[in-house]
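Note that these values count all heavy atoms, side chains included, but never hydrogens, waters or copies made by symmetry. Residue indices begin at 1 and follow the sequence shown. Atoms within each ligand, like the ligands themselves, are counted from 1 in listed order.
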Amino acid sequence: MFTDGERLHAFLYQTQSLLSIRQFTFDMNCRVTQKFISPNTAFVNLEDYTSGKDNVPIMLVNEIDSKLPKPFDYVTERIPLTSDIVMDKESIKGCSCLDGCIDTTKCACWQKTYDGIIQSHYYEDLIGSLKDLFQQSIDIEDDTIDHTEEMRLFLYDALSKRNFGYKHGRLLEKIHSGIYECNGKCKCDSRCINRCVQFGLNTLLQIFNTSEKGWGVRTLYDLPAGTFLSFYAGEILNDEDANRRGTEKSMGDVYFTALDFITSLKPTFLQKKSKTSQSDEHMSMLNEDHQLTSNELYNLQLNGNKQPSTEEKHRGLSNYDSGVYVMDAHYKGNVSRFYNHSCSPNVFVQNVFVETWDVRFPWVAFYTTSSIKAGTELVWDYSYEVDTVENRVLHCRCGSDECRHRLL
Ligand SMILES: C[S@@+](CC[C@H](N)C(=O)[O-])C[C@H]1O[C@@H](n2cnc3c(N)ncnc32)[C@H](O)[C@@H]1O
């Protein structure tokens, strides 16, 4: 009997168990064996909508009528639409850990995640106060000593104690500056604690007809907080193709998700622009949890060619073109294309880097914000900006008490 995650992980690691810590929970409210059974009659009931293409079967039920979703190719990858979309997979580095990356302060991949936090404007206050603490702990009288490396290690240690990143296979807090998982160049193996999204789907989900919002996704079992659900699979489009598809009536931007991690890393760049400038407005619409609308994309394209700021150069962001890429799951996609919006979401989005550290191409991964009961719909906040798309109004039907009433 294990009462804490550390001991359980050590046991699984040492015994080279095929079980993963992600298959366990210490959340006593989670009834792990009790499957959700809908009381309604189903007109359609498919055991595996993916036809074996995903890691685990995904059921589909329709309790409203006998329709199915419009056909599309079920894929479990991210597929560049055109040959000009090339990810930089060369500059990725691996760690040399042999302990399953338990000591996160020594793992090069965790350090990459920590470095992102240290440099990100989101964590300015936290990092500032940690740096103050460090200053207080050293001998400031002797200014001949360079404390840079010592401070770096101090910050890594402090961040690891605050549980940034995966904890026993769960992600309890979003990391705005991205997560860098261990990868194919690392010495660690699949038992490493810094690998999650790369294993793909492993929870049992069900696609169902919500009636007011079209198809949606619910969980068939209770899920603890921070559980990884799935990542957004589909086609990667450049801005030109996204514009074309987004404005075509037969396609539209319904299944678009912006890969706008770069824009979320550019605070200096945004702040430097005049508040009233048109480009500023368009850039500020793009936060990292944002499903891109075609108009926004068009405007971004018009205003997107800027000189890199000092911060961009510092973080190596200027190594890449300034294009914003979009994931489109209209023709090719996975279960993630069916997650609906809610103004009180129970799912959050995390940018994760797996086989590439190219900041233009993070994996858009979905995790639970809190523990969720079997049968509950899984919903995230699309963060659309109302009135940004001409002649388009989309009323929100999330039903939450905090509903903002309009999606667009
Ligand atoms: C990414 S798709 C989600 C899956 C979609 N329901 C389906 O049937 O394929 C986004 C679309 O779902 C609908 N939708 C999602 N959340 C909604 C909400 N809270 N209120 C109204 N419609 C919603 C809207 O039509 C939106 O354009």
Between Phe338 and Phe72, does the ring centroid distance fall short of 6.0 Å?
yes
If the cut-off is 4.0 Å to any non-hydrogen atom of [X], which atoms of ligand 1 fall inside it?
| X | value |
| --- | --- |
| His395 | 20 (N), 21 (C) |
| Gly214 | 6 (N), 8 (O) |
| Phe338 | 4 (C), 9 (O) |

If you define the side chain from C-beta out and look only at heavy atoms, does anything of His395 sit under 4.5 Å from Glu212?
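Result no, sub-4.5 Å side-chain heavy-atom pair not found.
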Does the side chain of Tyr232 reach to within under 4.5 Å of the side chain of Phe366, using non-hydrogen atoms?
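Yes, close enough: below the 4.5 Å cut-off.
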Looking only at distance, does [X] have an N or O less than 3.5 Å from an N or O of ligand 1?
| X | result |
| --- | --- |
| Glu212 | no |
| Trp215 | yes |
| Tyr339 | no |
| Arg337 | no |
| Tyr384 | no |

Judged on heavy-atom distance to atom 10 (C) of ligand 1, which of Tyr255, Tyr382, Tyr232 sits nearest?
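Minimum heavy-atom distance to atom 10 (C) of ligand 1 goes to Tyr382.
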Minimum heavy-atom distance Pro362-Phe261, with the two atoms named:
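Taking Pro362 first and Phe261 second, the nearest heavy atoms are CG-CB, 3.7 Å.
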Salt-bridged, Glu377 to Arg397, with N to O below 4.0 Å?
no
NZ/NE/NH1/NH2 to OD/OE distance under 4.0 Å, Lys185 and Glu355
no
